[in-house]
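Note that the structure is predicted; figures quoted are calculated from it, not measured.
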Amino acid sequence: MLETGFPDGLIWDVCFVRETGNEVARIYTACEGIDLHRRQDWGEFFRFMATRMYQLEKNFLSIAEYLRD
């Protein structure tokens with residue numbers, strides 16, 4: 001359900017260890033070919049973040065009640 005609207009799927013990293021030593025699960029997608037440090041890429045970066053974050057939130061909210069149970 002979380003991968004709905006993500007044609008290439010999501011990246012699942014269920015055993016990621018943070019710098020603090022805490023183990024967490026990460027689910028994410030990536031945008032290749034842009035550099036956040038190049039001002040001309042900012043528009044594409046913000047569009048990527050806005051569309052992907054909206055889609056992920058929408059997918060999460062559709063299953064949130066199930067996860068609470």
Side-chain angles (χ1 to χ4, degrees):
M1 295 292 296
L2 280 177
E3 292 186 337
T4 301
F6 291 91
D8 296 325
L10 295 169
I11 301 164
W12 295 74
D13 189 354
V14 295
C15 296
F16 178 77
V17 179
R18 299 174 76 173
E19 291 177 5
T20 60
N22 296 344
E23 189 174 299
V24 297
R26 299 190 312 173
I27 304 168
Y28 62 97
T29 186
C31 184
E32 302 295 329
I34 66 168
D35 183 351
L36 185 58
H37 301 288
R38 274 195 320 233
R39 182 175 230 130
Q40 66 261 28
D41 289 349
W42 288 1
E44 184 179 347
F45 172 75
F46 291 130
R47 278 188 296 280
F48 171 82
M49 288 297 292
T51 57
R52 298 311 189 287
M53 290 302 294
Y54 174 74
Q55 185 66 48
L56 192 56
E57 179 184 29
K58 189 170 89 172
N59 294 352
F60 179 77
L61 290 175
S62 73
I63 63 170
E65 189 171 321
Y66 170 78
L67 295 173
R68 285 186 197 106
D69 290 339

(Q) Could you list the cluster mates of Phe46? Members are the ILVMFWY residues connected by side-chain heavy atoms closer than 4.5 Å, either directly or through other members. (A) Ile34, Leu36, Trp42, Phe45, Phe48, Met49, Met53
Q. Is Leu56 reachable from Met1 through a run of I, L, V, M, F, W or Y residues, each pair having side-chain heavy atoms under 4.5 Å apart?
A. yes
Q | Contacts of type side-chain contact (heavy atoms from CB on, under 4.5 Å), residue Ile27, not counting sequence neighbours | A | Leu2, Leu10, Trp12
Q: Say whether, by atom type as modelled, one donor and one acceptor occur between the side chain of Gln55 and the main chain of Phe6 under 3.5 angstrom.
A: no
Q. Any idea which heavy atoms bring Asn59 and Ser62 closest together, and the distance?
A. O-OG, 2.6 Å
Q.
If you count every heavy atom of other residues, nucleotides or ligands that lies below 6.0 Å from Gln40 atom CD, does the total exceed 12?
A. yes
Q | Side-chain hydrophobic cluster, 4.5 Å single linkage: members besides Ile11 | A | Tyr28
Q) Listed by chain and number, what are the side-chain contact (heavy atoms from CB on, under 4.5 Å) partners of Ala64, not counting sequence neighbours? A) Phe60, Arg68
Q: Sequence neighbours left out, what pairs pass salt bridge (charged side-chain N to carboxylate O under 4.0 Å, His left out) with at least one residue falling in residues 41-63?
A: Arg38-Asp41
**Q.** Phe16: hydrophobic cluster co-members (side-chain, 4.5 Å)
**A.** Val24
Q) According to the salt bridge (charged side-chain N to carboxylate O under 4.0 Å, His left out) rule, which pairs have a member within residues 17-27, sequence neighbours left out? A) Asp13-Arg26
